[in-house]
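These values consider heavy atoms only, across backbone and side chains, with no hydrogens, waters or symmetry-generated copies. Note on naming: letters A, B, ... go to the chains in the order of the sequence lines (proteins, then strands), and numbering restarts at 1 for each one.
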Number of protein chains: 2
Amino acid sequence: MDSKVNAGAQPAAESFPSAGHASGHQRIGDIAREFGVTLRTLRFYEDKGLLTPKREGTTRLYSHRDRARLKLILLGRRVGFSLRDVKQMIDLYDPAGSNARQLRVALDKSEKQLARLHKQRAALDEAIGELSGLILRMRGDLADGRTPRLVG
Amino acid sequence: MDSKVNAGAQPAAESFPSAGHASGHQRIGDIAREFGVTLRTLRFYEDKGLLTPKREGTTRLYSHRDRARLKLILLGRRVGFSLRDVKQMIDLYDPAGSNARQLRVALDKSEKQLARLHKQRAALDEAIGELSGLILRMRGDLADGRTPRLVG
DNA sequence: CTCTATATTTACGTGAACGTAAAAGTTATC
DNA sequence: GATAACTTTTACGTTCACGTAAATATAGAG
């Protein structure tokens, strides 16, 4: 544990811990507040290769593009994609191509995910139906003074 | 791949490993097949205090009541209850009472679970709506030759 | 100088419901 | 007695997305 004194004393320009960093870069706390996630989550996403913020010494600095990525990640999570899926899609980005392939893969994955969601809804509806029936029966039993043990 | 020699009328001499045990008790393999669960699952439920089969030596023997319990457990799982919830309800059984309390607790838990299911469905519907919109946009983009990167 | 707020890394913990060997015992048929 | 078919216990592994310390560092405010 030792001399790891960060190279760096950077141009002592900005100073507030929470301030935007002039270049539009923000620190982890700012991003966390802005998107409603924890610091742990941001570091976790980075560890999984979903985000790659720059460093100023050891401090992470998030660019506009990092934010765009995070937005996409959270969108993916909302529609039920795993982080693995999200990463696979993001990783297809080619700054020198048309990214038609990325789009087709994303579309394909999305269609499959949509199918899964529909299946889930069907299962959920079945559960709701069965549970509703059970509730009606239990209410009736209680109202009638019947108390058939759930299990004997 | 049917059963083995397990056909026809009950052979006079009981002996097969999978045979009912005269007293109506069955071994773990029989129960597993009957309910479509694995041996691991049955032992797991037992470990969690949800099932308490008797023993003949070290071999588990499941009674009619164990089967009734298992049926209830699987019903609970279908409607989304955790094993912990199922156990709480089962544990309320009082062989000397009316079990009105057990029924009321089960009803209460069921109503709360139903509310959770409705919430889940709402979230699911939102996800489906959002993902459907995304898919439409992506299809349009591809059809028009546009390929806006997911993230730049 | 100390306090406060922020940041860093490392790394074990959580929850749910089992899966998956591994090593070994019993019965009963071939 | 070998093989098959079944059983037992112990116990680590899996999946997913983080939570939760713990120990440490930096910097401006009071």
Side-chain angles (χ1 to χ4, degrees), chain A residues 1-21 25-33 35-51 53-62 70 73-74 76-78 80-88, chain B residues 1-6 11 13-21 25-33 35-51 53-62 70 73-74 76-78 80-88 116:
Chain A
M1 346 236 359
D2 39 41
S3 46
K4 184 181 164 191
V5 180
N6 311 325
Q10 34 109 351
E14 280 289 344
S15 39
F16 294 158
S18 292
H21 207 259
H25 288 75
Q26 290 169 287
R27 295 169 55 168
I28 194 167
D30 304 316
I31 299 294
R33 268 185 294 279
F35 289 89
V37 299
T38 68
L39 308 186
R40 179 68 177 93
T41 295
L42 293 173
R43 297 192 186 111
F44 180 74
Y45 288 171
E46 183 178 346
D47 187 57
K48 290 295 174 184
L50 288 161
L51 292 177
K54 290 168 186 167
R55 295 298 183 108
E56 180 189 81
T58 64
T59 301
R60 291 171 175 80
L61 289 184
Y62 294 80
L70 179 53
I73 295 168
L74 297 179
R77 294 293 299 132
R78 280 202 302 281
F81 279 118
S82 68
L83 291 181
R84 222 164 57 90
D85 280 331
V86 173
K87 177 171 165 53
Q88 283 176 27
Chain B
M1 285 125 59
D2 292 2
S3 311
K4 329 306 175 218
V5 197
N6 197 352
E14 276 291 345
S15 48
F16 297 150
S18 291
H21 207 260
H25 288 73
Q26 290 169 289
R27 297 168 55 165
I28 195 168
D30 304 316
I31 300 294
R33 267 186 294 280
F35 288 90
V37 299
T38 67
L39 308 186
R40 179 69 177 92
T41 294
L42 293 173
R43 297 192 188 110
F44 180 75
Y45 289 170
E46 182 177 347
D47 186 58
K48 291 295 174 185
L50 288 161
L51 291 177
K54 290 168 186 168
R55 296 297 182 110
E56 180 189 78
T58 63
T59 301
R60 292 170 175 80
L61 289 184
Y62 294 79
L70 179 54
I73 295 168
L74 297 179
R77 295 292 299 132
R78 278 202 303 280
F81 279 118
S82 67
L83 291 180
R84 222 165 57 90
D85 279 330
V86 173
K87 178 172 164 55
Q88 281 177 28
R116 275 193 293 273

Taking atom CZ of B:Arg78 as the centre, report whether more than 12 heavy atoms of other residues, nucleotides or ligands fall under 6.0 Å from it. yes
Using whole Å, what does the distance between atom [atom2] of nucleotide [N] and atom [atom1] of [X] come to?
X	N	atom1	atom2	answer
B:Lys48	C:dA17	NZ	C1'	9 Å
B:Leu42	C:dC18	CG	P	10 Å
B:Arg78	C:dA17	CZ	C1'	17 Å
B:Asp47	D:dT10	CG	P	10 Å
A:Phe44	D:dC16	CZ	C1'	7 Å
A:Ile31	C:dT8	CD1	P	12 Å
B:Phe81	C:dA17	CZ	C1'	17 Å
A:Leu39	D:dA17	CG	C1'	16 Å

According to a strict under-4.0 Å criterion, is [X] in side-chain N/O contact with OP1 or OP2 of [N]?
X	N	value
A:Arg77	D:dC18	yes
A:Tyr45	D:dC18	yes
B:Arg60	D:dT9	yes

Any side-chain heavy-atom pair from [X] and [Y] closer than 4.5 angstrom?
X	Y	result
B:Thr38	B:Arg43	no
B:Tyr62	B:Leu42	yes
B:Leu83	B:Phe44	yes
A:Lys54	A:Arg60	no

Which is more 5' along DNA chain C, the nucleotide nearest B:Thr41 or the one nearest A:Gly29? Just name the residue. A:Gly29
Expected rows: protein N/O vs nucleotides 21-25 of chain C N/O, under 3.5 Å:
none

The side chain of [X] lies closest to which of these nucleotides: [options]?
X	options	value
B:Thr38	C:dT9, C:dG19, D:dA17	C:dG19
B:Arg40	D:dT7, D:dG19, C:dG19	C:dG19
B:Ile28	C:dA7, D:dG19, D:dT8	D:dT8
A:Arg27	C:dT6, D:dC18, C:dT9	C:dT6

B:Arg27 side-chain N/O to B:Asp30 backbone N/O, donor-acceptor pair under 3.5 Å: no
Under the side-chain contact (heavy atoms from CB on, under 4.5 Å) criterion, do B:Glu56 and B:His25 qualify, and how do the steps go? CA-CA 10 Å; B:Glu56 180 189 78; B:His25 288 73; over 6 Å; no
Under the 3.5 Å rule, do the base of D:dT8 and the side chain of B:Arg43 count as making a donor-acceptor pair? no
